[in-house]
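What follows is a set of notes on a single structure, which appears directly below.
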Amino acid sequence: MSSKKIILDVDTGIDDALAILYAVKSKEIQIEGITTVFGNVSADQATRNTLQVLELADANDNIPVAMGAKKPLFREWSGPVIHVHGQNGIGDYELPEPSLQPLEEHAADFIVRQVNEQPGELTLVFVARLTNLALALAKDPSIAGKVKGLVLMGGALKTFGNVTPIAEANIYGDPEAAHRVFESGIPITMVGLDVTRKAKFQEEHLKQLMDLASPENEKMIKFIEHIIRFGIEASVKMNEGKCRLMHDPLAVGVAIDPGLVKSENHYVYIETQSRLSAGATVADLRLSRKKTETNAAVCVEVDHERFIEHFIQTVASRDERGEG
Ligand code: BDR
Ligand code: CA
């Protein structure tokens with residue numbers, strides 16, 4: 001079976017770390033590179049965390065990491081999200097110093113180069129602010145027609161926000177970048193809060209994962225146990241319930257298997273002006289309005305049980321990379 005080639009863009013906090021491990025362990029996906037950006041943590045910390053997580057999964061020697069934007073296109077970065085992801089972004093877990101360095105190349109240049117070298121081949125999976133992609137599109141708008149698609153974690157169509165009453169963090173964190181990406185013509189699958197809010201990882205799932213894990217994954221499972229427990233505690237404090245929402249892993253899950261979700265095609269606009277609603281993802285849902293043009297498949301339903309099951313099976317599985 002041929003696997004899907006992806007570039008993954010992350011701001012490595014807790015759910016990004018889980019998304020990276022899920023993608024690394026998936027046989028259905030081949031990661032061509034990981035790009036990093038400010039968001040949950042600084043771009044430098046996200047890069048360090050990414051290298052460490054790859055090393056933990058023994059995947060550091062064949063996946064290049066390119067660091068990208070340190071701030072939004074036109075705004076200031078509001079700083080790390082410590083109450084959700086801890087001081088270092090990974091629940092204050094101490095992983096060994098990374099032995100490898102990121103590429104010299106900026107993330108935006110890496111994206112432009114990879115897409116041009118492999119036209120029609122790459123799916124972009126973005127689980128962070130869309131700044132690196134907006135920069136890549138500014139450098140070479142033709143890449144919009146050369147990617148297979150963009151699966152992004154971000155936005156909220158028919159539900160409330162998580163960082164403001166109506167905005168989701170990845171879109172709110174750089175609305176101008178999101179606007180440019182949504183207007184670029186890239187075929188978008190939006191994996192927003194409408195579905196990620198249903199992807200709850202609970203204590204019982206952690207137990208299943210730990211019971212299933214092959215012994216060679218011990219270090220990785222210990223890390224996952226820590227960050228999930230840290231995450232559950234944070235979620236309880238935020239009244240999100242006794243679970244961790246699997247925002248970023250679900251975007252990877254949808255890239256692997258689009259059948260996990262049902263979507264609706266809409267023209268999604270990004271609000272960039274208003275004080276109260278900056279970062280909102282707005283589509284005209286009035287039935288009386290005939291849709292003539294759309295720019296995104298917005299996920300509205302998810303088979304969350306099948307997704308969590310697939311996540312557990314994949315992450316717990318014995319590592320068969322390189323075995324013929
Ligand atoms: C998104 O914002 C970030 O904090 C998370 O990593 C996720 O990508 C959820 O709104
Ligand atoms: Ca993220």
Side-chain angles (χ1 to χ4, degrees), residues 6-26 29 31-60 63-72 77-103 106-108 110-111 124-133 151-154 169-170 173-174 191 196 201 219-220 222-228 230-231 234 244-253 255 311 315:
I6 70 162
I7 292 178
L8 183 61
D9 186 274
V10 291
D11 56 335
T12 305
I14 288 178
D15 56 336
D16 303 77
L18 295 170
I20 293 170
L21 293 172
Y22 185 25
V24 164
K25 296 281 287 185
S26 165
I29 269 183
I31 309 177
E32 296 292 292
I34 300 187
T35 50
T36 63
V37 69
F38 73 92
N40 294 321
V41 288
S42 68
D44 288 285
Q45 183 74 48
T47 307
R48 179 186 160 85
N49 292 351
T50 301
L51 291 167
Q52 288 175 315
V53 169
L54 285 176
E55 201 146 328
L56 182 69
D58 283 331
N60 50 328
I63 300 178
V65 175
M67 180 160 81
K70 296 188 175 210
K71 63 180 278 300
W77 174 47
S78 53
V81 189
I82 294 165
H83 66 289
V84 183
H85 300 275
Q87 294 284 349
N88 70 353
I90 45 175
D92 300 328
Y93 197 85
E94 288 297 333
L95 286 169
E97 268 311 296
S99 59
L100 289 183
Q101 295 292 318
L103 301 177
H106 189 282
F110 178 81
I111 293 166
L124 307 179
V125 182
F126 268 60
V127 297
R129 284 54 174 163
L130 292 164
T131 320
N132 286 336
L133 186 49
V151 179
L152 68 90
M153 190 285 130
N170 286 339
D174 194 348
V191 183
T196 65
F201 201 89
K219 274 197 291 179
M220 196 181 83
K222 214 171 135 225
F223 170 70
I224 293 178
E225 184 190 357
H226 176 90
I227 61 173
I228 295 227
F230 183 99
R244 185 70 189 198
L245 298 181
M246 299 288 269
H247 299 295
D248 295 351
L250 182 58
V252 170
F311 174 86
V315 171

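Only a predicted model underlies this, so the values are computations on that prediction, with no experimental measurement involved.
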Within the distance-only criterion (no hydrogens, no angle test), does the side chain of [X] pair as donor or acceptor with the backbone N or O of [Y] below 3.5 angstrom?
X	Y	result
Asn170	Met153	yes
Trp77	Gly39	yes
Asn88	Gln45	no
Thr47	Ala43	yes
Gln87	Ile82	no
Asp248	Ala19	no
His85	Val41	no

### Message
Taking salt bridge (Lys or Arg N to Asp or Glu O under 4.0 Å) as the cut-off, I'd like each qualifying pair that reaches into residues 44-55, sequence neighbours left out, listed once.
### Response
Asp44-Lys70, Arg48-Glu97
Would you mind reporting whether [Y] and [X] have side-chain heavy atoms less than 4.5 Å apart?
X	Y	value
Leu245	Thr196	no
Met220	Val315	yes
Thr131	Phe38	yes
Asp15	Val127	no
Val37	Phe126	no
Ile63	Ile34	yes

Minimum-distance pair of heavy atoms, taken over all atoms of [X] and [Y]:
X	Y	answer
Gly89	Asn49	CA-ND2, 4.1 Å
Pro72	Gly173	CG-O, 3.4 Å
Ala66	Leu103	CB-CD1, 4.2 Å
Thr12	Ala46	N-CB, 3.6 Å
Ile90	Ala17	CG2-CB, 4.3 Å

### Query
Which is it for Phe223 and Val53 under the side chain to side chain contact (heavy atoms under 4.5 Å, CB included) test, yes or no, and what are the steps along the way?
CA-CA 9 Å; Phe223 170 70; Val53 169; 4.1 Å; yes
Between atom [atom1] of [X] and atom [atom2] of [Y], what is the distance when rounded to the nearest 0.5 Å?
X	Y	atom1	atom2	value
Ser78	Lys71	OG	NZ	12.0 Å
Ile6	Leu124	CD1	CG	9.5 Å
Asp58	Lys219	CG	NZ	6.5 Å
Ile224	Leu21	CD1	CG	5.0 Å
Ile111	His106	CD1	NE2	9.0 Å

### Query
Do Phe230 and Tyr93 have ring centroids that are under 6.0 Å from one another?
no
### Message
Working note: Ile31 + Val24, criterion side chain to side chain contact (heavy atoms under 4.5 Å, CB included); need CA distance, chi angles, decisive distance, verdict.
### Response
CA-CA 7 Å; Ile31 309 177; Val24 164; 3.7 Å; yes
### Query
Would Leu133 and Asp9 count as a side chain to side chain contact (heavy atoms under 4.5 Å, CB included) if you check the C-alpha gap in whole Å, the side-chain angles of each, and the deciding distance to 0.1 Å?
CA-CA 9 Å; Leu133 186 49; Asp9 186 274; over 6 Å; no
### Message
Pair Leu18, Phe311 - check side chain to side chain contact (heavy atoms under 4.5 Å, CB included), show working.
### Response
CA-CA 9 Å; Leu18 295 170; Phe311 174 86; 4.2 Å; yes
### Arg129: which of Asp174, Asp11, Asp16 passes salt bridge (Lys or Arg N to Asp or Glu O under 4.0 Å)
Asp11
### Results of side-chain contact (heavy atoms from CB on, under 4.5 Å) for Val84 - residues two or more places apart only
Val81, Met238, Arg244
